[in-house]
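Order of appearance sets the numbers: ligands from 1, and atoms from 1 within every ligand. Just so you know, residue 1 is the first one in the sequence shown, and it goes up from there.
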Amino acid sequence: MPTHNPRPTLSVEEAQERILAAVRVLEPERVPLLDALDRVLAEPITADRDIPPLANSAMDGYAVQGADVATAPARLRVVGEIAAGYVSDVTVTPGAALRIMTGAPIPAGADTVVRFEDTELDGGWVTVQVPVRAGSDVRPAGEDVKAGQQTLAPGHVLRPQEIGMLAALGYTEVSVIRRPRVAILGTGDEVVPPEQEPGPGQIRDANSYTVAAQVLRHGGVPLMLGIARDREELVREGIRQAVAQRADLIITSGGVSVGDFDLVKQVLAAEGEMRFWSINMKPGRPLAFGVVKSPALEHAIPLIGLPGNPVSAMISTEQFARPALLKMQGFETWPWPSVRARLSEPVRRKDTRRHYLRVKVRETAKGLVADVTGDQGSGILNSLVLADGLAIISEDVSQLPAGAEVKVLLLT
Ligand code: AMP
Ligand code: MG
């Protein structure tokens with residue numbers, strides 16, 4: 001029979017810390033440049049040359065000697081033209097002007113560019129109509145990046161601008177921390193896969209798909225292990241499958257409460273080490289956490305046992321699996337973007353758990369307003385479908401009037 005483990009009550013932050021402490025940063029791998037987006041760099045990046053390689057024009061105009069255009073008007077002889085991508089063999093002498101396009105190298109003798117807008121062309125002569133300061137519109141060699149300079153350090157998160165910089169530096173592949181492989185296992189005699197017609201008393205598996213989508217969002221690779229029925233040996237078989245598939249993290253849903261068929265804890269205890277917590281949050285009170293051990297494994301595999309109710313499962317994944325996934329990928333911080341908004345209705349409760357109310361945020365003339373998305377039961381997945389945020393009602397607050405300002409974690 002299942003044992004009713006004592007359950008220490010932890011805050012969300014305490015549980016996050018304990019999970020993070022059991023999670024390691026994974027190894028680097030080399031990937032094609034575009035596959036490195038949103039990942040953490042694992043090698044120092046050094047520039048092989050100056051960018052730009054030569055002093056060049058910032059504008060379309062004329063390359064001249066600064067002394068010739070210090071006063072206006074100045075009449076100069078046009079001695080040729082240079083486009084971006086070519087190096088001119090003309091030397092600009094006093095009284096001469098070379099037509100030059102943006103990005104073209106500054107020719108010998110010139111030190112200043114006069115924009116077309118400030119000139120008038122008349123046959124082979126150009127009149128500069130305003131005085132121009134020597135050095136204007138010349139971009140020096142290496143103004144962006146200097147040869148030999150370390151441009152990006154390991155640990156840098158690669159956003160589009162970093163991907164562009166790597167391309168500019170000639171990288172077609174780059175070393176980043178690899179993505180975690182995450183085994184996802186549903187549990188429950190009542191749960192059937194979405195492709196199956198549910199029988200009497202059966203429901204389709206929402207959690208495995210919600211969680212897999214969250215894993216994808218946060219950079220992991222989901223491994224769908226299906227649903228284990230509520231028998232110890234079948235849950236064990238699921239966990240062993242995860243080991244066989246070289247999972248870096250296992251996420252189960254269901255079977256972590258104190259019901260007669262909640263078996264994840266016992267199985268985890270037998271397959272490694274189990275900790276079972278009551279998290280001071282609503283929805284999502286029970287959470288199993290532990291590590292799966294096997295002589296075949298170099299590293300124990302952390303396992304997060306989510307509660308089965310779909311809202312609890314999703315919010316717990318976001319709170320506990322997301323930081324773990326990000327840490328595994330080498331991220332050093334995992335901020336959850338939030339806004340402040342005013343509740344459109346009062347909140348009254350007896351609970352002292354941290355409450356995550358599902359809300360939809362709208363913009364009004366008086367700022368952001370959060371509307372609660374109907375029934376807030378932990379089985380009401382639709383409360384999340386209708387929401388774009390989670391309003392936090394903190395532990396010590398028993399009631400809030402309409403119009404009270406709350407922090408809203410954004411759901412993207
Ligand atoms: P449990 O934590 O196993 O007691 O499950 C709590 C509730 O969540 C029950 O109503 C289950 O039917 C439901 N549930 C469990 N697993 C899933 C799942 N994968 N998808 C949707 N609902 C689930
Ligand atoms: Mg169950």
Side-chain angles (χ1 to χ4, degrees), residues 1-5 7 9-10 15 182-217 220 222-239 241-242 247 249-269 274-290 303-321 353 356 358 375-387:
M1 285 304 287
T3 50
H4 290 199
N5 303 68
R7 302 193 292 172
T9 297
L10 302 185
V182 184
I184 297 169
L185 179 68
T187 70
D189 282 359
E190 77 283 28
V191 185
V192 299
E195 63 273 18
Q196 192 175 315
E197 186 67 31
Q202 292 187 322
I203 54 164
R204 297 193 185 98
D205 179 8
N207 294 348
S208 298
Y209 288 83
T210 312
V211 171
Q214 290 175 284
V215 165
L216 282 171
R217 267 287 165 81
L223 309 171
M224 302 299 264
L225 297 191
I227 301 139
R229 298 182 65 101
D230 289 320
R231 287 201 357 238
E232 243 180 88
E233 63 273 23
L234 296 179
V235 176
R236 185 184 315 121
E237 174 52 31
I239 288 175
Q241 270 291 322
L249 172 68
I250 304 171
I251 303 180
T252 63
S253 70
V256 293
S257 296
V258 291
D260 290 347
F261 302 97
D262 290 332
L263 305 167
V264 170
K265 293 162 282 166
Q266 287 92 294
V267 174
L268 182 52
M274 203 284 298
R275 282 150 240 164
F276 181 39
W277 302 325
S278 174
I279 312 288
N280 200 23
M281 68 188 272
K282 179 184 173 176
R285 194 197 317 248
L287 189 80
F289 177 71
L303 182 149
I304 297 175
L306 302 169
N309 280 307
V311 177
S312 309
M314 176 170 166
I315 295 179
S316 301
T317 300
E318 215 54 29
Q319 284 291 25
F320 305 114
R353 286 186 278 166
Y356 296 97
R358 279 73 81 200
D375 190 335
Q376 296 288 293
S378 60
I380 313 282
L381 190 51
N382 211 31
S383 69
L384 276 169
V385 169
L386 297 173

Which ligand 1 atoms are under 4.0 Å away from a heavy-atom of Ile203? 12 (O), 21 (C), 22 (N), 23 (C)

Considering distance alone, does some N or O of Val191 sit under 3.5 Å from an N or O of ligand 1? no

Those atoms of ligand 1 less than 4.0 Å from some heavy atom in Gly255: 1 (P), 2 (O), 3 (O)

Worked verdict on Val211 versus Ser253 for side chain to side chain contact (heavy atoms under 4.5 Å, CB included): CA-CA 9 Å; Val211 171; Ser253 70; 5.6 Å; no

Among all protein heavy atoms, pick the one closest to atom 10 (O) of ligand 1 and tell me residue, atom and distance. Asn309 OD1, 4.1 Å

What are the two closest heavy atoms between Ala206 and Leu381, and how far apart are they? CB-CD2, 4.1 Å

For Asp230 versus Phe261, what's the shortest heavy-atom pair and its separation? OD1-O, 3.6 Å

Note the single closest protein heavy atom to atom 16 (N) of ligand 1, along with its residue, its atom name and the distance in Å. Asn207 ND2, 3.5 Å

Interatomic distance, CZ@Arg358 vs OG@Ser378, rounded to 0.5 Å, equals 7.5 Å

List the closest protein heavy-atom neighbour of atom 12 (O) of ligand 1: residue, atom name, distance to the nearest 0.1 Å. Glu190 OE2, 2.5 Å

Within-cut-off N or O pair, Ser208 and ligand 1, under 3.5 Å: no

Are the side chains of Leu223 and Gln241 in touch, meaning some heavy atoms are under 4.5 Å apart? no

For the atom pair CZ (Arg231) and CD (Glu237), what is the distance rounded to the nearest 0.5 Å? 11.5 Å

Closest to atom 15 (C) of ligand 1 by heavy-atom distance, out of Gly201, Gly308, Pro307, Ala313, is Gly308

